[in-house]
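Computed from heavy atoms alone, side chains included, the values below leave out hydrogens, waters and symmetry copies. Throughout, a chain's letter reflects where its sequence line sits, starting with A, and its residues are numbered from 1.
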Number of protein chains: 2
Amino acid sequence: MELKRSAEGEKGFEKVFAFLRERLLAGSLKPGDRLISERELASLLGVSRPIVREALRALTVLGIVEIRDRIGTVVTRPDVSVLNDFFTFALAQQADMLDDVMQARVAIECQAIRLACERANIADFERLQRALAKIGETIDEADAGGMADFDFHRAIVVASHSETLTVLHSSMAGLLTHSHRSRRELVQAFPSMKTYLIDDHRRIFEAVIARDPERADATLRKHFAIGDEYRRRAVVGDIDKTSASG
Amino acid sequence: MELKRSAEGEKGFEKVFAFLRERLLAGSLKPGDRLISERELASLLGVSRPIVREALRALTVLGIVEIRDRIGTVVTRPDVSVLNDFFTFALAQQADMLDDVMQARVAIECQAIRLACERANIADFERLQRALAKIGETIDEADAGGMADFDFHRAIVVASHSETLTVLHSSMAGLLTHSHRSRRELVQAFPSMKTYLIDDHRRIFEAVIARDPERADATLRKHFAIGDEYRRRAVVGDIDKTSASG
DNA sequence: TTATCATACTGGTCTTACCACGATCAGACC
DNA sequence: GGTCTGATCGTGGTAAGACCAGTATGATAA
């Protein structure tokens with residue numbers, strides 16, 4: 001009983017969580033490792049099994065460990081789903097967050113495309129090219145078109161070879177997929193969007209090929225701005241077909 | 001046939017979690033609301049209290065609810081700590097992620113400063129000015145200097161008035177604080193860093209004041225690039241300072 | 001009316017116990 | 001001797017009941 005006070009009032013759950021976090025952060029617990037059993041952990045830290053399970057469950061939702069039924073608890077590589085969950089909940093309670101998330105997406109992609117200009121390899125180029133072609137093929141389809149659009153943008157982020165940027169971008173994917181689709185549905189309303197979508201993405205692609213970060217960033221940024229403009233026009237019902245691109 | 005098992009194999013925890021998620025996503029549970037007690041929830045869903053606590057704990061680490069001792073469980077506004085925890089763990093298991101996180105930070109800040117140029121108000125300007133002054137005052141102190149540096153950058157993000165960008169930036173704060181400090185420790189080694197730090201931040205400030213997104217972005221980006229350069233030089237030993245006691 | 005206190009909550013935790021299944025190894029069979 | 005089989009043990013998954021320590025609230029006493 002007296003050993004419990006290992007760290008100033010840590011209250012059971014905190015104790016277990018801190019214990020595991022320590023090992024995980026210190027690196028003594030690495031992905032693939034199997035934790036000791038819940039019972040051992042419980043007796044080791046002087047807490048009950050339910051408390052241990054609370055801590056393990058907490059680490060599970062954080063994507064740090066995975067509880068395998070009748071097998072044990074193993075450390076996993078950090079997973080994106082946490083961020084997905086978070087954004088899902090966050091968005092549900094703050095609908096106005098969508099614009100915010102969009103801003104974050106722009107941030108991530110514009111940085112990613114700069115890195116992509118430096119780091120992209122042949123495979124990345126090919127993936128981008130395929131995505132670009134797909135955009136042209138599916139220009140008249142809302143669903144497939146939105147998918148192709150998203151794939152292209154994801155290819156940019158992947159080409160940055162930055163795990164963190166990819167993770168962040170993916171975490172917003174769920175939310176933005178909807179955005180992509182609704183944008184695609186505007187194609188029928190704005191014929192000029194076809195050229196906008198195709199030409200813009202082609203210009204972006206070319207900038208990456210040219211390995212010109214500034215141009216790529218600027219082009220991508222303008223691409224987003226024009227997309228916003230279209231959406232704005234759709235909202236106010238200002239249906240026309242002027243210019244585009246630019 | 002039993003109602004308990006009618007929920008398509010949902011295994012207790014999943015059942016509770018799904019139940020709460022449903023309410024949270026549907027909006028019937030909003031921030032500030034107090035959930036029913038654990039005991040009620042348990043009997044309502046036909047599970048035991050420890051299971052309910054697992055689910056509540058899961059929501060807690062996701063920053064969705066807050067369990068208040070002897071008060072109850074209340075729904076909170078989405079909190080940053082989730083992302084903090086995630087990035088902390090993720091980084092611990094992938095040390096090479098630090099550079100990646102830095103890239104993400106650059107992404108967030110460069111986007112934030114663009115928004116700040118549009119949205120910043122007087123209070124934001126004042127906060128930036130104070131942070132700028134602080135940087136000058138603490139130029140010779142590693143700890144306080146690093147703090148002032150970070151405060152300035154945080155002020156930029158805050159001035160963007162974007163919740164998501166702020167959240168993301170904050171989530172990387174913990175990791176990057178260390179980076180800031182070590183960078184500050186280079187000041188003694190590179191006297192030229194003093195002018196770099198002061199002048200750069202002043203130029204960034206001025207660009208925001210001028211509400212010039214392009215210039216602000218470019219200046220901030222250059223600021224980061226120069227910082228990288230200093231760090232690179234320090235790594236290759238292009239200096240000869242008190243190499244010990246680092 | 002006010003102040004005090006008993007009581008019925010709340011969450012926080014522990015304990016014990018059972019289940020179903022995977023892993024393992026001993027023994028039986030080939 | 002080698003292989004297959006099966007019982008046992010350990011694992012996670014869960015239930016039920018109990019206790020503690022505070023809080024909130026109401027009733028009672030001043």
Send over the distance from [X] [atom1] to [N] [atom2], rounded to a whole Å.
X     : N      : atom1 : atom2 : answer
B/R34 : C/dC9  : CZ    : P     : 13 Å
B/E40 : C/dA8  : CD    : P     : 16 Å
A/E14 : C/dG11 : CD    : P     : 17 Å
B/I36 : C/dC9  : CD1   : P     : 15 Å
B/I51 : D/dA15 : CD1   : P     : 5 Å

Distance-only donor-acceptor test, B/R53 side-chain atoms vs C/dG11 base atoms, 3.5 Å: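 Looking at the base of C/dG11, it does not pair with any donor or acceptor on the side chain of B/R53 (distance under 3.5 Å).
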On the side chain of A/R68, is there an atom forming a donor-acceptor pair with the base of D/dG12 - under 3.5 Å, no angle test?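 Side chain to base: no pair present.
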Test side-chain contact (heavy atoms from CB on, under 4.5 Å) on B/I64 and B/T76; report intermediate values, then the result. CA-CA 6 Å; B/I64 311 297; B/T76 67; 5.6 Å; no
Among [options], which nucleotide has an atom closest to any side-chain atom of [X]?
X     : options                : result
A/I71 : C/dC14, D/dG13, C/dA23 : C/dA23
B/R70 : D/dT23, D/dA16, C/dC14 : D/dT23
A/I67 : D/dG13, D/dT11, C/dC14 : D/dG13
A/P50 : C/dG12, C/dT15, D/dG13 : C/dT15

Base, sugar-phosphate or nothing for [X]? Non-hydrogen atoms, less than 4.0 Å.
X     : result
B/R57 : sugar-phosphate
A/E54 : nothing
B/E66 : nothing

D/dG10 phosphate, OP1 or OP2, under 4.0 Å from A/S37 side-chain N/O: no
Minimal heavy-atom distance between B/E109 and B/F224, with the atoms involved, is OE1-CZ, 3.4 Å
Specify the residue among A/R39 and B/G72 whose closest nucleotide of DNA chain C lies further upstream toward the 5′ end. B/G72
On DNA chain D, compare the nucleotides closest to B/R49 and A/E38; which residue's is nearer the 5' end? A/E38
Using only atom types and a distance under 3.5 Å, with no angle test, would you say the side chain of A/S162 pairs donor to acceptor with the backbone of A/L165?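 Looks like yes, one N/O pair under 3.5 Å.
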Could you tell me whether B/E118 and B/R114 have a side-chain N and a carboxylate O separated by less than 4.0 Å?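 B/R114 and B/E118: not salt-bridged.
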Could you check whether the rings of B/H201 and B/F152 sit parallel, tilted or perpendicular, using 30° and 60° as the cut-offs? perpendicular
